[in-house]
Amino acid sequence: MSVLRLRDAGYRYPSADSPSVAGVSLDVEAGELVLLTGPTGCGKSTLLRLVAGLLQRHGQGEVLGSVSVLGTAPGSWAPHERVQRLGFVSQEPDDQLVAGTVGDEVAFGLESAGWARERMAPRIAEMLEGVGLEVALDRDTRALSGGQTQRLVVAAAGAAGGPVLLLDEPLAQLDPRGAERLLAGLRTLADGGVAVVMVEHRLEPCLPCCDRLVVMESGAVVADLPPSELRPGSAGLATLRRLGLSVPGLLDLEDRLAGRDHDALQPLARTEAHRRFGPEIIGVDDVEWAWPKAAEPALRGVSLAVSAGERVALVGANGAGKSTLLAALAGHLDRRLGRRPEALVAVPQDPDLALFQDRVSTELAYGPEEAGLSADDVQTRVTAAAHALSVTELMDRAPQALSRGQRLRVAVAAALACAPEVLLLDEPTSGQDHDQVAHMMEALREQLAEGALIFATHDLALALREATRVVVVERGRVSADGPPDDVLRALPPDSPLFLPPLARLCVSRGWPLLSAAALAGGQ
Amino acid sequence: MDPRTRLGLLSCVGMLAICLDAPISLALLAGCCVLPLVWLRVSAVWWRRGLVAVLTVVWSTVISQGLFYAEQPRVSLLQLGPLHLYREGVMHGLAQSLRFIALSLAGIGLTVSTPPDRLYAALLALRVPFGLALMASTALRFLPELGEQMQVVRRARRHRGRPAWQRAPWRWLALEVTLLRPVVARAWRRAQRLAESLDARGFDPVAPRAVRRPLHMRARDWAVLWAAGVLASGVVTARLLYLLYTSETWYWPALRPLYGFTRNWL
């Protein structure tokens, strides 16, 4: 019998005219790891909440069809039953912390389920090891990095041993090595009989671990297939491309080559990385910084100078100091540190905190109006920024009420409307699908052709594709700095960052590190 | 120190702050309440901010009470045109502000030195309902973050606009109000996610729960509580006896030294 069974399931939010999810029929067996993907706003998170029973208990909308987990309706479970049957992890791990220390966080579910105290300690250790989190049990949860917090909430959700685990973008804040460890942990859980359903945009690291790929579009399931069926020329791959989802690099290359052997490829050399840039536009020298109560300094003697025309990707493991370096460049740590132009805009990692107007249009107009531009010029800037970031249709909506990906795009559009010389972005891919990221980066390339873009990211494929320079931050120090090709090729084998498979192929063949499209296009 | 001991000490400070009336003893109490912060090695920036806040509270309370003191008798210390600064008002304002400062410092000391989860465990052990204890500890954990978020919003605004003070005061005020919008939206979103997380992890405000880390009161905790309890009870008793004497309800000549001590020092 299926652990999880949906028949024509759907949900209509109270304020919506039509259902956000409709007609979904799905069975998940014990021990299956299901990857649920789809464009932003297609209803993935809604479906996950429906399966968790959260919408049935707390939503005021209409539940359609039937949802059954372990043979019963999840909305009808008593609290102590919920925690023993199902684990749920939503986006934004920081918001899900309920306890003050790591040990207590994992123990919360166990306490709810009434576990004996002597059974808790080994279970907590087991769960933390499973997700690859090696921190003291009495560590303050507020002192963890984003990636550590992400792993902690996964451990906490699965601690009570529920046979179903639901996760909404669990890799969003993890570095490649952390993502790999978490996925291995989830695979172990699935192999132990747990049914795992995971919503994720990053398909490449997930596909090798999962048993099924379910693709959603506009609230419905449009593909349900094992990853092995994602072959060059297959219908599944065509669906991913049609929806603008990320296609794993090697598969992308093989599909583009359409049967030709990639041994015969003679890719074009990457030229942009070696182009000349303008004068220095922003920089910091020998910055030392320690956050209060932190065990180690966040920055140790970091120097960085960025020239006009550069697009710099700051990459590094979780907690390496990327965001602190961005803060130093922005002057947030100490305005006296470093050099920066007046026209600098920094978009925080949490885009919510950059949106303070009541409508998207006024949000975008705020910067130009403050600069004293005429009404016509303000309107020109607003229109251009809205178009560049695809938020034109959102102009009359409240920015705070948008989805996370939309909020990020509005925050970046509001920054671009200020015509900055330097734009600083912290994790610009969070909550966005492949096409949206590509579109956003294209707009940034155009708008900041004479300025500088500095962004922190875990996504090495993005760094390779979009940056003219990669800076590797490691334990508060810059450990490598240079053209993406040179820097990423030289990453040591034990680095928490590792290259995606396509890039590894390029390295092994001695090719420049290019995207599948560029490699195939070289033929 | 067990968090229940800390809560007990906070209660004793509350009793003392209510019963003491002499500025010198209230200043001593406030001084004692600073000690946990010294031990916690609070940064110099916070000491500076704290000092500014204390001086502001003392100054504003003393001046307002000194100027508007209406009881008789009163002695004018200073005349400022039609206004008088009365000595009794100044002393009353000083006592009121020191009372407030002592209580605030004790509360800050407790919240800064006690992780919210331990406070939560202590409240549960003191038989405060589970839901209320969780709500209190969660609020304590999130409140400081609201301040940090406001700072992020201000920075984001500053990058896109003129400094806030470069505009008319009412526009500045209106801008300040708009800056609350993202923080409120963020808090609402966070509350929703936290509620979901609690729900999924079997939160039940009334059901009994297992406890991973039970609290343990050591001999040192009992000793500290006993000493603080005796001191607070002694002050309360002395104040009550003095009240009975001044209200001409009950007088015992053997207690005259105590009455004198209470009047002059408590």
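Just so it is clear: chains get the letters A, B, ... in the order the sequence lines come, proteins before strands, and each one is counted from 1. As the structure is a computational prediction, the values presented were derived from the model and not from experiment.
- When heavy atoms are compared at a cutoff of 4.5 Å, A:R340 does not approach chain B at all.
- Residues A:D95 and B:R189 are not paired through a salt bridge, judged by the lack of any N-O separation under 4.0 Å between the basic side chain and the carboxylate.
- Of the two parts of A:E105, the backbone and the side chain both hold a non-hydrogen atom closer than 4.5 Å to a non-hydrogen atom of chain B.
- Look at A:E111 and B:R213 and you find no salt bridge, because none of the NZ, NE, NH1 or NH2 atoms lies under 4.0 Å from a carboxylate O.
- For a residue to count as touching a neighbouring chain, one of its non-hydrogen atoms must lie under 4.5 Å from one of that chain's; by this rule A:A414 touches chain B with backbone and side chain alike.
- Using a 4.5 Å cut-off between heavy atoms, A:L166 makes no contact with chain B at all.
- With respect to the salt-bridge test (charged N to carboxylate O, under 4.0 angstrom), the residues B:R160 and A:E363 qualify.
- Interface remark: B:A200 contributes backbone and side-chain atoms alike to the contact with chain A (heavy atom separation under 4.5 Å).
- For a residue to count as touching a neighbouring chain, one of its non-hydrogen atoms must lie under 4.5 Å from one of that chain's; by this rule A:A52 does not touch chain B.
- Interface summary for chain A: among B:D199, B:L194, B:V152, the most heavy-atom pairs under 4.5 angstrom belong to B:D199.
- For A:H58, the part lying under 4.5 angstrom from a heavy atom of chain B is the side chain only.
- No side-chain donor-acceptor contact under 3.5 Å links B:R201 to the backbone of A:V83.
- Relative ring orientation between A:F108 and B:F203 is described as parallel, the plane-to-plane angle staying below 30° on a 0-90° scale split at 30° and 60°.
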